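Remarks on the structure that follows.
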Amino acid sequence: MERTLSIIKPDAVAKGVIGKILDRFESNGLRIAATKKLQLSRADAEAFYAVHAERPFFNDLVDFMISGPVVVSVLEGENAMQKNRDLMGATNPKEAEAGTIRADFAENIDANAVHGSDSVENAANEIAFFFAEREIS
Ligand code: GDP
Ligand code: MG
């Protein structure tokens, strides 16, 4: 069984679609092994997205991620990382396939509803960033 990290971003939390997005996971073979709602600090967001620190959109991304609470979850299942990426759709919701989370719930590339780990190795690091092992079952 593989694990991946999902974040429901501030735009989707503000829209009131936490339940609808979690349902996409559970309806598509991803078990919610852990979940919690929290407000990221600026330091949290900068550390989480450190890989993008040199990108021109980094400051906008950090500002957006701390603009309201997020819901972080550990998803578990066969090929969980890729399955979650497929359910999410393309980074830019205008390019996301119909029926994906971003096509259905995201407005634009800044406010794009969800984050998902992009490799199994990154998933392990991202899960450890947010959860103690005893919080995951
Ligand atoms: P993801 O893995 O599909 O979330 O995409 P990336 O890892 O490439 O980028 C991380 C996040 O940064 C994306 O989800 C967007 O919120 C944001 N982002 C990526 N590319 C751009 C861009 O060109 N412009 C802006 N404003 N934000 C971007
Ligand atoms: Mg990414």
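Residue numbers run from 1 in the order of the sequence given. This is a predicted model, so every value here is computed, not measured. As the structure lists them, so they are numbered: ligands from 1, and atoms in each ligand from 1.
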Next item on the list: Please work out which of the three classes, parallel, tilted or perpendicular, describes the rings of His115 and Tyr49, given edges at 30° and 60°.
Entry: perpendicular

Check: Of all the non-hydrogen atoms in the protein, which one sits nearest to atom 11 (C) of ligand 1, and at what distance?
Finding: Leu61 CD1, 3.9 Å

Notebook entry, point to check: What part of Met65 sits under 4.0 Å from ligand 1 if we count only heavy atoms: the side chain, the backbone, both or neither?
Noted result: neither

Notebook entry, point to check: Would you find a donor on one side and an acceptor on the other, under 3.5 Å apart, between the side chain of Lys36 and the backbone of Phe130?
Noted result: yes

Margin query: Under 3.5 Å between any N/O of Asn112 and any N/O of ligand 1: does that happen in this structure?
Written below: yes

Check: Is the side chain of Asn84 donor-acceptor paired with the backbone N or O of Gly116 at a distance under 3.5 Å, no angle test?
Finding: no

Notebook entry, point to check: Is it true that Glu133 and Arg3 make a salt bridge, defined as a side-chain N closer than 4.0 Å to a carboxylate O?
Noted result: yes

Margin query: Going by ring pair (Phe, Tyr, Trp, His ring centres under 6.0 Å), name the residues that satisfy it together with Phe129, two or more places apart in sequence or in a different chain.
Written below: Phe48

Item checked: Top protein contact for atom 26 (N) of ligand 1, by heavy-atom distance -> Asp110 OD1, 2.7 Å

Check: What residue among Leu30, Val114, Ile21, Leu75 forms side chain to side chain contact (heavy atoms under 4.5 Å, CB included) with Leu87?
Finding: Leu30

Next item on the list: Please identify which atoms of ligand 1 are closer than 4.0 Å to at least one heavy atom of Lys9.
Entry: 13 (C), 14 (O), 16 (O)

Notebook entry, point to check: What is the closest protein heavy atom to atom 6 (P) of ligand 1, and at what distance does it sit?
Noted result: His52 NE2, 3.8 Å

Notebook entry, point to check: Which protein non-hydrogen atom lies closest to atom 2 (O) of ligand 1, naming both residue and atom, and how far is it?
Noted result: Arg85 NH1, 2.8 Å

Notebook entry, point to check: What protein heavy atom sits nearest atom 5 (O) of ligand 1, and how far off is it?
Noted result: Thr91 OG1, 3.3 Å

Next item on the list: May I ask you to say whether Arg31 pairs ionically with Glu78, meaning some side-chain N is under 4.0 Å from a carboxylate O?
Entry: no

Next item on the list: Measure the distance from atom 12 (O) of ligand 1 to every protein heavy atom, then report the residue, atom name and distance (to 0.1 Å) of the closest one.
Entry: Phe57 CE1, 3.3 Å

Next item on the list: Run the contact test for Arg102 against ligand 1 with a 4.0 Å cut-off on heavy atoms, strictly below, and give the result.
Entry: yes

Next item on the list: Starting from atom 15 (C) of ligand 1, locate the nearest protein heavy atom and write down its residue, its atom name and how far away it is, to 0.1 Å.
Entry: Ile109 O, 3.2 Å

Notebook entry, point to check: Sub-3.5 Å donor-acceptor pair from the side chain of Arg102 to the main-chain atoms of Gly89, do we have one?
Noted result: yes

